[in-house]
Number of protein chains: 2
Amino acid sequence: MELIRIYRCFCDETRLRILNLLAATPLCVCHFQGVLREPQVKISKHLAYLKSKGLVEARRHRNWMIYGLPAKRGAELESNLKCLQDCVQTHPVFKRDLRELAAMRSKLGWLEEVCPPRSRRKPCRA
Amino acid sequence: MELIRIYRCFCDETRLRILNLLAATPLCVCHFQGVLREPQVKISKHLAYLKSKGLVEARRHRNWMIYGLPAKRGAELESNLKCLQDCVQTHPVFKRDLRELAAMRSKLGWLEEVCPPRSRRKPCRA
DNA sequence: TTTCTATATACCTATATTGACATATTCCAA
DNA sequence: TTGGAATATGTCAATATAGGTATATAGAAA
């Protein structure tokens, strides 16, 4: 059942933090590392989990893997993402993550090219 | 984190079916057995799990344990229960459960006394 | 008391999840 | 073609989950 798959994805804090960030914009793994301050392998595995369950999509851009919420989402995923957004508004952790993300965005100044070419920036992980 | 506890409770089909029924009315274990057609031990364990996570409350009425959603629920639980309700509207399983419940209610004719005294009825499980 | 009904718990097994460490892969640049 | 950067995967250990069988408990009835 689709719902169960969604809730299984939702029942880990790292994954919730990832989804919270992805609700704002697609991101590459190094961004998650910077914002969440968790080891690369942990983030990578949770992303793989989310992808295997259809909660995120990934595309490669040069060296980077860009993860994002699926372009077309079922009604159930949509509702639950919205609900998650509501619930998360007041949580310090999630708010901090979004602030960190905003800071990193303005520092690196990227737009739809989530990870700009290496020649124009420091590595994401700083 | 409260949210995680909620989603862990939500990521099992039997528990979702239980919560769906409880959104309609408090119930005793034998009702779940009748509606869900799952073995008593399975239901009892899932109820114990839900109770340990604060998603349901229980009180004893004579021989029966009456389970219900908590009287006062946090905003997160409230939102997610509502979201669950929305998502579940269209699922055959959940709809069937509610129909079965309605049938059982009219057959047994109980009101706030979820399980009426034995002298006035057949056992819940039939 | 003894018995019955409703429910809970112990114990076991199988499987899933999570995190850590080490290693592999992919792409790019020199 | 070699090296480095970004990301993924394999293996392992610890823990959690889920279902089954058998048994225990609590309350009501006989």
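Throughout, a chain's letter reflects where its sequence line sits, starting with A, and its residues are numbered from 1.
- Here D/dT7 presents its P atom at 7 Å from CD of A/Gln33, a figure rounded to the nearest Å.
- Closest-nucleotide positions on DNA chain C for A/Lys45 and B/Ala58 were compared, and the one nearer the 5' end corresponds to B/Ala58.
- Side-chain contact between A/Phe32 and A/Leu47: present, with at least one pair of heavy atoms (C-beta onward) separated by less than 4.5 Å.
- Between the side chain of A/Gln40 and the base of D/dA8, at least one donor-acceptor pair of N or O atoms lies under 3.5 Å.
- Listed candidates were C/dC27, C/dA20, D/dA28. Nearest to the side chain of A/Pro39 is C/dA20.
- Distances from the side chain of A/Asn63 to the nucleotides D/dA28, D/dT11, D/dA5 place D/dA5 closest.
- Ring orientation note: the planes of B/Trp64 and B/His61 are close to parallel, at an angle under 30° on the 30°/60° scale.
- Applying a 4.0 Å cut-off to non-hydrogen atoms, the residues of residues 46-54 of chain B that approach DNA chain D are B/His46, B/Tyr49, listed by residue number.
- Residue A/His61 contributes atom NE2, which lies 11 Å from atom P of D/dT7 at whole-angstrom precision.
- Ring orientation note: the planes of B/Tyr7 and A/Tyr7 are close to parallel, at an angle under 30° on the 30°/60° scale.
- If you check D/dA8, C/dA8, C/dG19 against the side chain of B/Tyr67, the one that comes closest is C/dA8.
- To the nearest angstrom, P of C/dT25 lies 13 Å from CZ of A/Arg60.
- In the hydrophobic cluster analysis, where Ile, Leu, Val, Met, Phe, Trp and Tyr join through side-chain heavy atoms closer than 4.5 angstrom, A/Ile43 is grouped apart from A/Val41.
- Listed in residue order, the members of residues 3-14 of chain A having a heavy atom less than 4.0 Å from DNA chain C are A/Arg8, A/Asp12.
- Between C/dT18 and A/Arg15, a contact under 4.0 Å exists linking OP1 or OP2 to a side-chain N or O.
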Exercise. Should B/Tyr49 and B/Asp12 be marked as a side chain to side chain donor-acceptor pair (under 3.5 Å) after you check the CA-CA gap, both sets of side-chain angles, and the distance that decides it?
Worked result: CA-CA 11 Å; B/Tyr49 185 97; B/Asp12 175 275; over 6 Å; no
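- One finds a side-chain N or O of B/Ser44 lying less than 4.0 angstrom from the OP1 or OP2 phosphate oxygen of C/dA8.
- Spacing between atom CG of A/Leu27 and atom C1' of D/dT7 amounts to 15 Å, rounded to whole angstrom units.
- For the helix from C/dT1-D/dA30 to C/dA30-D/dT1, the end axes, each set by the C1' atoms of five terminal pairs, are bent relative to each other by 0° (nearest 10°).
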